> 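The structure's right below; bear with me while I get my questions together.
As a basis for the values below, the full set of heavy atoms in this structure was taken, side chains included, without hydrogen atoms, waters or symmetry mates. Since this is a predicted model, take the numbers as computed values, not measurements.
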Amino acid sequence: MVDPRLKDVAILPVNDWYSCEDHYDEAFVQQDRYYSEFLIPYGGRFLLAAKIFEDSASVCLFCTITKAGRPPLSLDEKQVFMRITEHLVKALNIQRTLAEKSDQLSVGAELLERMRQPMLLIDSQRRIGYRNQAGRDLLMRNDMVYDEGGLLVCRDSESDLNLTIAIRELALVPFTTHGADYVPADRQSIRLKRRDGRRVATTLLALRPEATMGSFGRTPQALFTVFEPGAAVDIDPFILSATFNLTPAEARLAAKTVNGLTPEQSAQTLGVKISTVRSQLVAIYGKTGATGQADLVRLVLSATTF
């Protein structure tokens, strides 16, 4: 037996309403098997329905069925139902928007966007779910990895195979060949070849919802990070000033030093005398506890993760 009302509800426009008493009278109800042998014997009678969403894959309806023996909903009751439905539509739209943009709006993605290294979130099939600004720039250069129809692909075939193996080792989706005692890897390091032949260090870090409280989505992801040699470090002098109690001038010089500028180059870039730079470096080393430029780089990078 098929509910005769289904064909009516199926063609209902989104945000429209359906009351079965407007379509089927008592004569129809008495002779229809669905009503007489199923719905009414099991305690149901009048249907009020609203179609609140429909796409190629799904339909969402909000319905209420009155008990057998009572009349259809009154106009006031239907208006209450409609007001509730309006809130459900808004909630559903919010949920769908969050689902479609879960990476962009998640706490995890907000964090990754602040990172200086190129970072991408990929799933077990290499589908790219998110890329920070540095990651977008990396893909646009197309000199090591690129986006092919939403998938992360390496230009070099050997690198591409190594990436596949590394993702498999993370076991984001368990394989049937894994035994009960199998412990998946949480991190994989691989070196991928660029167009110019140089190899670049990259890492894959497993982000599992149960371990990250869903900050990176509801499904396991791999965080793909690229550590490019020679890439300039964008450091906010204000952060240096607040972290190490540096003056604004000292913070600007520290940022230049971390990026590899010599005292002479820093003096020229900042428009100050070399003697001023040297005295400021002494103050910087004293406040940070660094023993030299290399130690200063280590301290600054560890203190300014974002």
Side-chain angles (χ1 to χ4, degrees), residues 1-109 123-125 127 129-130 150 171-178 180 207-221:
M1 290 181 291
V2 178
D3 188 339
R5 300 169 295 187
L6 288 179
K7 68 180 188 304
D8 302 323
V9 176
I11 61 174
L12 196 69
V14 174
N15 295 327
D16 208 348
W17 312 91
Y18 175 87
S19 297
C20 68
E21 67 269 20
D22 297 334
H23 299 266
Y24 302 110
D25 58 19
E26 284 299 323
F28 177 87
V29 169
Q30 291 176 10
Q31 58 84 31
D32 183 78
R33 290 187 60 200
Y34 175 79
Y35 276 96
S36 60
E37 298 180 18
F38 180 77
L39 182 63
I40 294 176
Y42 280 89
R45 182 57 180 92
F46 294 102
L47 170 72
L48 178 63
K51 181 182 287 186
I52 61 177
F53 171 75
E54 181 177 19
D55 62 13
S56 59
S58 59
V59 173
C60 185
L61 303 173
F62 179 48
C63 309
T64 182
I65 298 177
T66 65
K67 291 182 178 180
R70 69 149 287 172
L73 295 179
S74 66
L75 179 59
D76 289 340
E77 290 172 324
K78 289 181 179 180
Q79 288 176 342
V80 171
F81 179 85
M82 293 175 183
R83 287 197 295 271
I84 295 173
T85 305
E86 290 175 0
H87 292 292
L88 286 177
V89 170
K90 292 178 181 178
L92 180 61
N93 288 336
I94 292 172
Q95 188 276 331
R96 291 179 61 234
T97 300
L98 290 176
E100 292 170 358
K101 299 182 177 180
S102 59
D103 291 322
Q104 286 79 1
L105 299 178
S106 70
V107 174
D123 65 10
S124 60
Q125 303 299 315
R127 285 186 289 263
Y130 174 78
L172 299 177
V173 177
F175 293 95
T176 56
T177 53
H178 293 156
L207 301 174
R208 311 182 200 278
E210 63 273 18
T212 63
M213 295 188 294
S215 296
F216 296 90
R218 296 184 294 272
T219 58
Q221 303 280 321

> State whether the number of non-hydrogen atoms from other residues, nucleotides or ligands found under 6.0 Å of Lys67 atom NZ is greater than 12.
no
> Could you tell me if the side chain of Tyr35 sits less than 4.5 Å from the side chain of Arg5, heavy atoms only?
yes
> Between Gln31 (side chain) and Phe28 (backbone), is there a donor-acceptor pair under 3.5 Å?
yes
> What pairs with Phe46 under ring-ring contact (aromatic ring centres under 6.0 Å, His included), at least two apart in sequence or on another chain?
none
> Determine whether the aromatic ring centres of Tyr18 and His23 lie less than 6.0 Å apart.
yes
> Compare all side-chain heavy atoms of Thr66 with those of Glu21 and state whether any distance is below 4.5 angstrom.
no
> On a heavy-atom basis, which atom in Thr85 and which in Ala50 lie closest, and how many Å separate them?
CG2-CB, 3.9 Å
> Any side-chain heavy-atom pair from Arg45 and Ile40 closer than 4.5 angstrom?
yes
> For Pro41 versus Ser36, what's the shortest heavy-atom pair and its separation?
CG-O, 3.2 Å
> Do Leu61 and Leu12 come within less than 4.5 Å of each other through their side chains, counting heavy atoms only?
no
> Taking only distance into account, with no hydrogens and no angle test, what donor-acceptor pairs under 3.5 Å do side-chain atoms of residues 68-75 form with protein atoms, sequence neighbours excluded?
| unit_1 | atom_1 | unit_2 | atom_2 | d |
| --- | --- | --- | --- | --- |
| Arg70 | NH2 | Glu77 | OE1 | 3.1 |
| Ser74 | OG | Glu77 | N | 3.2 |
| Ser74 | OG | Glu77 | OE1 | 3.4 |

> How many angstroms lie between NZ in Lys51 and CG in Asn15, if you round to the nearest 0.5 Å?
10.5 Å
> Nearest heavy-atom pair of Asp123 and Leu172: which atoms, and what distance?
C-CD1, 4.0 Å
> Measure across Glu54 and Val59 and return the closest heavy-atom pair with its distance rounded to 0.1 Å.
CG-CG2, 3.6 Å
> Mind checking what makes ring-ring contact (aromatic ring centres under 6.0 Å, His included) contact with Phe53, not counting sequence neighbours?
none
> Check whether Tyr24 reaches the backbone of Asp32 with its side chain - one donor and one acceptor, N or O, closer than 3.5 Å.
no
